[in-house]
Amino acid sequence: MELPDFATPFWLFILTLIFFVIITGRYFLFAGLFYLIFYTWFPSKWKSRKLNVRPYKTHQFKIEIKWSIFTSLLFSMAGAVTVILWQKGYTKVYTTADLYGWWYLPVSLIVFMLLHETYYYWLHRWMHKPAVFKIIHKVHHDSNITSPFTAFSFHPIEGFLQAIFLPIMLMILPMHYYVIIIQLTIMTISSVINHLDIEIYPKEFYKNILGKWIIGATHHSLHHKQFKYNYGLYFTFWDKLKKTESPLFKNLFETTTSGKK
Ligand SMILES: [Zn+2]
Ligand SMILES: [Zn+2]
């Protein structure tokens with residue numbers, strides 16, 4: 001089947017629209033689902049795991065959803081541009097699963113996430129410089145107590161800086177399109193989990209190797225409260241390496257997960 005030329009204004013619009021429906025749909029699906037499960041259906045079960053008892057600000061969810069929809073639009077534009085770059089042959093996106101061997105599929109996912117972590121950690125550190133913070137990053141921190149809807153709540157400049165990472169990476173790193181879909185879904189779910197303000201990982205989680213390196217709600221809640229710690233996105237290794245992990249983290253994780261609160 002002959003594909004149309006996606007670089008025309010009409011197809012650019014249609015592609016952006018399709019991505020926008022998918023990306024906002026995915027945001028509402030996961031943020032909504034987590035909100036329903038943890039705040040509406042079973043709040044008493046998770047009460048001891050809630051990190052902040054203070055109520056949310058009036059209209060907080062509405063504001064977060066507004067910014068998140070805008071971010072989704074920027075992600076959609078990045079998606080449409082990626083398709084055009086792919087059609088013109090500028091990306092390393094591939095469609096035959098065993099082209100680089102089956103082993104490469106999980107490896108490419110891990111490599112992408114490690115690079116994404118590195119990009120975001122340093123971008124995040126830069127966004128916390130006072131002059132930059134005021135303009136670009138304050139919108140995200142207006143959610144002092146985070147909620148599942150904070151997941152994509154970014155100023156458009158921050159949204160743009162986050163959105164460009166994928167098309168740039170796909171011009172360098174070969175990735176199967178299924179792996180890209182899995183990665184984007186992990187990104188959305190992990191952002192919802194990290195902003196949930198309820199610690200959902202088990203007590204034992206922090207003790208095993210995996211748990212030590214993966215960010216959850218307790219870790220990221222401390223970032224929104226303390227500002228100068230816990231800059232990571234998925235993993236804690238940059239925070240550990242650069243000594244920016246909150247000294248309160250370990251204790252808070254233990255008390256939150258032991259039901260002693
Ligand atoms: Zn921040
Ligand atoms: Zn955040």
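All values below come from the heavy atoms of this structure, side chains included, with hydrogens, waters and symmetry mates left out. Numbering starts at 1 and runs along the sequence shown.
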Q: Return the minimal non-hydrogen interatomic distance between Leu233 and Ile215, and the atom names on each side.
A: N-CD1, 3.6 Å
Q: Would you please indicate if the ring centroids of His124 and His128 are separated by under 6.0 Å?
A: yes
Q) Pick one: which of Phe28, Trp46, Phe61 meets ring-ring contact (aromatic ring centres under 6.0 Å, His included) with Tyr35? A) Phe61
Q.
If only side-chain N and O atoms count, and only distance matters, is there a donor-acceptor pair under 3.5 Å linking Tyr121 with Thr244?
A. yes
Q: Run through Phe165, Phe19, Phe152 and flag the one making a ring-ring contact (aromatic ring centres under 6.0 Å, His included) with Phe75.
A: Phe152
Q. Given the rule that I, L, V, M, F, W and Y join up when any side-chain heavy atoms are under 4.5 Å apart, are Phe133 and Trp122 in one cluster?
A. no
(Q) Are Phe160 and Val81 connected into the same hydrophobic cluster when the rule is that any two of I, L, V, M, F, W, Y join if their side-chain heavy atoms are below 4.5 Å apart? (A) no
**Q.** Pair Tyr39, Tyr56: side-chain N/O donor-acceptor within cut-off below 3.5 Å
**A.** yes
Q. Would you say the side-chain atoms of Ser68 and Tyr27 include a donor-acceptor pair closer than 3.5 Å?
A. yes
Q) Could you give the distance from OH (Tyr231) to CH2 (Trp238), rounded to the nearest 0.5 Å? A) 14.5 Å
Q. Counting only N and O atoms by type, is there a donor-acceptor contact under 3.5 Å from the side chain of Asp197 to the main-chain atoms of Asn52?
A. yes
Q.
Quiz question: by atom type and distance under 3.5 Å, do the side chains of His195 and His140 form a donor-acceptor pair?
A. yes
Q: Assert yes or no for the condition that the ring centre distance of Phe112 to His116 is strictly below 6.0 Å.
A: yes
Q: For the residue pair Phe20 and Ile69, establish whether any side-chain heavy-atom pair is separated by less than 4.5 Å.
A: yes
Q.
Side chains of Gln60 and Ser147: any donor to acceptor distance under 3.5 Å?
A. no
Q: Output all residues satisfying salt bridge (Lys or Arg N to Asp or Glu O under 4.0 Å) with Lys212, sequence neighbours left out; order by chain, then residue number.
A: none
Q. Quick one: are the ring centres of His137 and His155 less than 6.0 Å apart?
A. no
Q) Would a line drawn from the ring center of Phe249 to the ring center of Tyr229 be shorter than 6.0 Å? A) no
(Q) What I want to find out is whether Lys88 reaches Asp5 closely enough, with some N-O distance under 4.0 Å, to be called a salt bridge. (A) yes
Q. Pick one: which of Glu199, Glu254, Lys250 meets side-chain hydrogen bond (donor to acceptor under 3.5 Å, both in side chains) with Thr218?
A. Glu199
